[in-house]
Structures are given as structure tokens and as C-alpha cells.
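The structure appears right after this line, and notes come after that.
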Amino acid sequence: MLPAPIRQRHDECLLMPELPEVEIVRRGLVPALEGKVFDRVDQHRPDLRFPLPTRFAPRLEGQKVERLERRGKYLLAHLASGDVLLMHLGMTGRFRVRKRAKQAGANAAEGAKHDHVVFHMQDGGHITYNDPRRFGFMLLIDRSELAQHPLLGNLGVEPLSEALTPEYLAARARGKKVSLKSFLSDQRIIAGLGNIYVCEALYRAGLSPTRAASTLATATGEPTEDATALVPEIRAVLQDAIRAKGSSLRDYRQANGERGGFQNRFGVYNRTGKRCPRQGCGGKIERIVQAGRSTFYCPRCQN
DNA sequence: ACTGTACCCTGTAGGC
DNA sequence: TGCCTACAGGGTACAG
């Protein structure tokens, strides 16, 4: 393996899955993809979570990427052909960007385990998709079918857009007995929130993850004070995380400026047994399981 | 319509 | 050192 400083000069390591992380990945990929043309696409296995599309490489090669956008936790590369390359990182999907070709064998990362797809661009840039658990996937969809596609058609509002309002939340939550945690994690309601940011938004808003979603609405479907308080906290936690370049829970790489920093600012996530950071609260963070996933919260100040 | 559970797959951390 | 279990940011398919 080459010394880290040499490797880092040509490598950018970009991480992972909820909305802020996907947005950071998108921003990192834009310079390497937008306006660039696929030269060669290497596919190292037939499937990720789903089978890769038939004629995957041929449908990409020679095509220009007009635009790379994000919708919820999805990345969408719009190609000149009218195809859209839809990508999801699952739990462990990562992209590595290299600005120019390197000599064969010159880098220990070459042919690294779980490198499943490599995009070679005509300008010499390389983008490698690595995903140990293979919960991520890539699909090719015709632009005209995007809106009706089952993976995209049912997605809820973008939380950073004006579509997320207390009124919207109340309307969707009215009469629902599901826990507030499960409700906010549902991609059909809000697109892009995951386990970390749901926990953190509820903590900031002082709302218990175990209460019913219906408590966001009055009997007539108007937003309650809680719904009104929750919306800006959802936005704030996502924006704070994006500013911090996302959350990295593991040290896959050396610190090189591309690792997220928001994990250092969690109020509750992964902090079981620790003190609630809220001034004057004095509670202890607890971990419970909801819908098969960990929820972290402060039972003292989240009601 | 709503739960809750199992499952997809690999890696890691911690107990013994 | 190893072996075992629990757990991990995602989503879906069931059964009840």
C-alpha cells in the first residue's frame, strides 16, 4: 500500500446513506459525472440487491450525464439517451472518485473487495461503487417512466422543500396509530429521513418516539403545536448534518476531509446511558427497539 | 389498514 | 487465538 498522503491526492472517499449523506455524495460526484461521458463501465457481478439492468454497460457507454440529482435517498443521473441511472446506497454503499487513471497495481484500493461497479469516464476520471452488504442497487429507467416508477412514485415530500409543512404532516398523520418514529421513517410520508435523523429530530423537538403519529393532528386534521414544532427541527437537523458533511459511524478511511463530522453532534443517537445534553434536563438516554430498529431518546425531555 | 417479524448480506464488536 | 452472538445507516414481503 502506498503511504496515505500519496493515495489521498488522487482519491476522494465519500460516504453513505440518509438524506444528508446522499446529498454530500451527490455533491462529491457532480464534478466527476455532470457533463461527462461514460467511456467504459466495469461490472463485477450480475446483481447488487436486484439484478443489474440487462445491457447495463452498453446502455451507459458513450452517454453523457446531463444532470445528477437527489430524490430522498436516491441518486438520479439523467443521461442524454433519455435513460435515468437510478442509484441507491442501501446501508453500506460508497462511491470512490479518482480524478485520473492510475497505473495498474499502483494502488492498494485497485480491485478492492466489494468493488462491484466502476465507471470510467472519457475525461479519465473513475468512479467506483463499493458495497459490502449489497443492499444498494442501480437501475436504468426511461425518463418518461420515472414519475410512475414504483420506487419513486410513492415517495413522500422532500423535507428541505416547502412541501413539508405542519399541515401536510397533520393531514398524513391524522388517525394513524403507528408510532411517531415509524411514521417519520416511512419514505412514503417524508423522503430521506432514516434512523439517525428521525431520532435526532424528535429529540430536538422534545417529542417521544413512542407516541402515536395521530398526535400531530387535531380531531379535525389541523396541525397540533407539536407538528408545528417538529417541522423546523427536521429541517434544522438535516441542514446541520449537511453542513457537517454527514455522519460517519465507522472509520473506513483515514481522516482526509471527506469523512462526515455530524456523528460528534448527536444528541441521542448511539448514546445509550449517557446524559441528555439538554441544559438542565439531567435525563439519561435510553435505547428501545421499534419496528426492529434501535430508537434512542431521552425519556425525561421527550414527551 | 395496521402491526410485527423475518429476510436480504457482510463485517465488526464484545463476551467468553 | 477462536467461537458465538448481537447489531448495523436500507427496504420489502409476509403473516396475523
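Not measured: the values here are computed from a predicted model. Convention: sequence-line order gives letters A, B, ...; per-chain numbering from 1.
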Practice item. Take atom CD of E200(A) and atom C1' of dG9(C), then tell me their distance rounded to the nearest Å. Key: 13 Å

Check your understanding: Any chance the side chains of S247(A) and Y269(A) put a donor and an acceptor closer than 3.5 Å?
Key -> no

Practice item. Compute the centroid of each ring, for F119(A) and then for F38(A), and state whether the two points are separated by less than 6.0 Å. Key: yes

Review point. Are M138(A) and Y129(A) close enough that some pair of their side-chain heavy atoms sits under 4.5 Å apart?
Key: yes

Revision key, fill the gap. Paired runs of 3 or more consecutive Watson-Crick or G-U pairs involving DNA chain C, with both pairing distances under 3.5 Å, are B:2-8 with C:10-16, B:10-16 with C:2-8

Exercise for review: Could you state the atom-to-atom distance from CD of E21(A) to P of dG10(C) in whole Å?
Suggested key: 9 Å

Check your understanding: What's the verdict on salt bridge (charged side-chain N to carboxylate O under 4.0 Å, His left out) for E158(A) and R70(A), showing C-alpha distance, side-chain angles and the deciding distance?
Key -> CA-CA 10 Å; E158(A) 280 293 319; R70(A) 180 192 58 73; 3.0 Å; yes

Revision key, fill the gap. The answer to which of R45(A) and S182(A) contacts DNA chain B further toward the 5' end, by nearest nucleotide, is S182(A)

Point to revise | Nucleotide dC8(B), atom P - distance to CG of D47(A) in whole Å | key: 14 Å

Review point. Do R27(A) and E23(A) sit within salt-bridge range, that is, some charged N less than 4.0 Å from a carboxylate O?
Key: yes

**Study point:** First of R133(A) and V178(A) reached from the 5' end of DNA chain B, by closest nucleotide
**Key:** V178(A)

Close N or O pairs between protein and nucleotides 11-14 of chain C (under 3.5 Å):
from: dG11(C); atom 1: OP2; to: K73(A); atom 2: NZ; distance (Å): 3.0
from: dG11(C); atom 1: N7; to: R293(A); atom 2: NH1; distance (Å): 3.4
from: dG11(C); atom 1: N7; to: R293(A); atom 2: NH2; distance (Å): 3.1
from: dG11(C); atom 1: O6; to: R293(A); atom 2: NH2; distance (Å): 3.0
from: dT12(C); atom 1: O4'; to: R49(A); atom 2: NH2; distance (Å): 3.4

